[in-house]
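Working notes for the structure below.
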Protein chains: 4
Amino acid sequence: MARLRQVDVSKTKDRIVLAARDLFWEHGYEATSLADVVEKANAKTGSLYYFFKTKEELLLAVLDWYMENLFPVLIQPIIAHISDPVERVFALLDGYRKALVATGCTYGCPIGNLTLELGDSLPRAREKLASNFEGWRTWVRKFLEEAGDRFPEKLDRAEVAMFVLTVMEGGVMQARAQQNLEPFDAGVRQLRTYFYLLSGERPKPQ
Amino acid sequence: MARLRQVDVSKTKDRIVLAARDLFWEHGYEATSLADVVEKANAKTGSLYYFFKTKEELLLAVLDWYMENLFPVLIQPIIAHISDPVERVFALLDGYRKALVATGCTYGCPIGNLTLELGDSLPRAREKLASNFEGWRTWVRKFLEEAGDRFPEKLDRAEVAMFVLTVMEGGVMQARAQQNLEPFDAGVRQLRTYFYLLSGERPKPQ
Amino acid sequence: MARLRQVDVSKTKDRIVLAARDLFWEHGYEATSLADVVEKANAKTGSLYYFFKTKEELLLAVLDWYMENLFPVLIQPIIAHISDPVERVFALLDGYRKALVATGCTYGCPIGNLTLELGDSLPRAREKLASNFEGWRTWVRKFLEEAGDRFPEKLDRAEVAMFVLTVMEGGVMQARAQQNLEPFDAGVRQLRTYFYLLSGERPKPQ
Amino acid sequence: MARLRQVDVSKTKDRIVLAARDLFWEHGYEATSLADVVEKANAKTGSLYYFFKTKEELLLAVLDWYMENLFPVLIQPIIAHISDPVERVFALLDGYRKALVATGCTYGCPIGNLTLELGDSLPRAREKLASNFEGWRTWVRKFLEEAGDRFPEKLDRAEVAMFVLTVMEGGVMQARAQQNLEPFDAGVRQLRTYFYLLSGERPKPQ
DNA sequence: TATGAATGAGTCTTCATTCAT
DNA sequence: CATGAATGAAGACTCATTCAT
């Protein structure tokens, strides 16, 4: 039973983490004040500092949340609904597309945002951001490996998984800059073409 | 005599823009205080506000600087030294690689950083960021067009140029997250493979 | 024990309100900086903003203070010491005269000052200033009504009460402008003459 | 010819004075910045300081403008159009009523505003404010003297003139506080009643 | 477990003023 | 006469953080 409530919204600490997660996503780390967080979490300053020693610690907790929820929120539904391994990769990308649509191309990937905003100013956060990327790429690599001989044996699946993330992040960035989906969709199209070519077929006419 | 110093780099306004450019690049927009800017520019707060009505206006001036200097700083040297059009594309990417090396993978692309940090919170800045991307991609498209029939006639050169930027930005992001060049280099390798495949050849062994 | 100090004048919030009240009175709203306020209140900027969201909110609190203290500070002592209702009116005026004397005709009526300084620039403050006037006039009207048939039945006591405030404020203003009591005293004399005439008697020789 | 252009709007100095006059009237002295003044006057900071050493000097020039224009703007039209001396007094009051109507009871008497805002913080300004009052009262006294034996011989015309100003200022103040003309009109009504009583008649029924 | 109060350095911005041209 | 540039102190306000209860 309790297992189902990994995050209990009724608990102050969790409400704070979720509020911080959303605000860091929407406005970034620096532009989010802890006053904003406690207000959104319907908590009090003192409470926040009871649970988190500093703003940085709160950020780390948010990054842990993302790591813990990568599978249940992003991966598991894809595995449940899609069987073709290559299509699982594109379904993952399509999740980010849906988020772009839902926010009018305003928000993007929270991990990518924080990576570029923070650089190496908070090294512990940077490590967790890298771990988030690592986890994401691990699942893509797994999918690609499931595709078996549909790709050349020599193809480095881990590197291609990294490339998929590269395309996703670069596409989201440009989509946000110009406020439309075209750069993201273009990236996905090129990636599909690349996969076709890798699998030995001729490229689809564009 | 004085006529010769019409564009005097020691002029306060220029010093302020250059200082802001560097600090926004290194620490981001929010994390940079105007006190930092004037100190680095060896100017005074009052002077900054004589030239720029707000911090946002200063940012816009910085983004204008990037637009005006895209050609002389990034493009022109490549055109001067490299004749093969496809290699010009990779030389452009290599410029970003060199910046990553020089900064120990700490800083990345200033335009990409600001795009993700700011989102749509400063709409005028967002437009200028989009224009910067647009300018960059225009040059890549030009290079690809110069490559003539080395790519299929039907290939959408503009979309591929967009894809090149996508790969660059996505690669820089992951390189910064994990503090090494591997994701960037991997992205470039995959892109080279893609170009080989598009041009009808077999991929180089990886 | 602590129960006895529920209203502790040494409490930071109260000290801030009282300091602001005095400074707004002495120098006006705009000319008073919040740095002045916290210094006089022996508090810190952060504390001020813990209790008051803006400078305007602090002003509103000061205006509330005046409303709450109209009776205990100005009215009650008069009622306690003077029984003749008409003389209660003049005793109220005499209170302002004493304040002029005490400050060398430098300060006047804090409500009048703020009314003219602020106009409608802070509408919520304007409403509270109007309420202060309203409260003041209500007491004067009450005194006039207690005077019963010493004034003609048809005389509009509320309007005369308004006139009393008019004379007080106009007299204080000119007394401050020329730095002597003469305009104030002249106004009171004319008002006495008016009251004599209204009550059917001949005016006292001036 | 030149006599007709006592204030030449085309001259920078005059434009500055008129802009300052309006802004001091609308927002007060402290709330008006010299940047506001030069913008409204379509002048430049340097120019303002060419003509006026300090903000205080500018204020003094504005107060001189009011003194110089009391007769041509306020008094002369009344003398030209109204012959009854007592009605000239009420015509003067009616001029202020018209200003209240025109501004929705937002602005009042510029001299009164500045008197209460500044107190004795700028002594030279205070003197000029007192002189403005003095000039105004002198004309009212002149009108009352022209009324000859309509008032008792013993009546101190100068003191009554002072009282008229008192009623005007106190009425304008309350009208601005409660954003309607009633306090001003009530003051004028009471003053008329007073004049009737002074002239030996019975008060008009109210 | 939670919180109301307090802190003071720091934020962006505005200010009256100066000065060389 | 007039002005563009520069100044630095001061403005209102926000911040992450601390602490006693």
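Listed nucleotides dT13(E), dT3(E), dC1(F) differ in distance to Tyr50(D); the shortest reach to its side chain belongs to dC1(F). Of the candidate nucleotides dT17(E), dC15(E), dA16(F), dA16(F) has the atom lying nearest to any side-chain atom of Ser33(A).
Atom CG of Asp14(A) is separated from atom P of dA2(E) by 11 Å (rounded to the nearest Å). One atom, CD of Glu39(D), and another, C1' of dT14(E), lie 14 Å apart when rounded to the nearest Å. Atom CD in Glu56(C) sits roughly 14 Å away from atom C1' in dC13(F) (whole-Å rounding). We find that CZ of Arg15(A) is positioned 14 Å from P of dT1(E), with the value rounded to whole Å. Taking atom CZ of Phe51(D) as the reference point, atom P of dA16(E) lies 19 Å away to the nearest angstrom. Between the CG atom of Leu48(D) and the C1' atom of dC1(F) there is a distance of 14 Å, rounded to whole Å. What separates OH of Tyr29(D) from P of dC15(E) is a distance of 13 Å, to the nearest Å. Remark: P of dC15(E) and CD of Glu30(C) are 10 Å apart, rounded to the nearest angstrom.
With the nearest nucleotide of DNA chain E identified for both Asn42(C) and Ala31(B), Asn42(C) has the one nearer the 5' end. Residues Thr54(D) and Ala35(B) each lie close to DNA chain E; by heavy-atom proximity, the contact nearer the 5' end of the strand is made by Ala35(B). Both Ala43(B) and Leu34(C) lie close to DNA chain F; mapped to their nearest nucleotides by heavy-atom distance, the more 5′-ward contact belongs to Ala43(B).
Between Ser47(C) and dT7(E) there is a side-chain N or O to OP1 or OP2 distance below 4.0 Å. The shortest distance between the side-chain N/O atoms of Lys55(A) and the OP1/OP2 oxygens of dA16(F) is below 4.0 Å. Look at Tyr49(C) and you'll find a side-chain N or O under 4.0 angstrom from OP1 or OP2 of dC13(F). Of the side-chain N and O atoms in Lys44(C), one or more sit less than 4.0 angstrom from OP1 or OP2 of dG8(E).
No option in Asn132(A), Leu129(A), Val62(A) other than Asn132(A) meets the side chain to side chain contact (heavy atoms under 4.5 Å, CB included) test with Met67(A).
When both pairing distances are held under 3.5 Å, dC15(F) makes a Watson-Crick or G-U pair with dG8(E). Across all strands shown, dA9(F) forms a Watson-Crick or G-U wobble pair, both distances under 3.5 Å, with dT14(E). Using N1 to N3 plus N6-O4 or O6-N4 for Watson-Crick, or N1-O2 and O6-N3 for G-U wobble, each under 3.5 Å, dA20(F) pairs with dT3(E).
Within 4.0 Å (heavy atoms only), Thr45(C) reaches at least one base atom of the nucleic acid. Residue contacts shown for Phe52(C) are absent, as no nucleic acid heavy atom lies under 4.0 Å away.
Contact record, Leu60(B) with Lys128(B): O-CD, 3.8 Å, taken as the closest heavy-atom pair.
Annotation: side chain of Val38(C) is not in contact with side chain of Leu34(C) (no heavy-atom distance under 4.5 Å).
Under 3.5 Å, the side chains of Asn113(B) and Arg176(B) contain a donor-acceptor pair of N or O atoms.
In this structure a side-chain-to-backbone donor-acceptor pair under 3.5 Å is missing from Glu117(D) to Gly28(C).
Residue pairs meeting the ring pair (Phe, Tyr, Trp, His ring centres under 6.0 Å) criterion with at least one partner in residues 13-54 of chain D, sequence neighbours excluded, are Phe24(D)-Tyr29(D), Trp25(D)-Tyr107(D).
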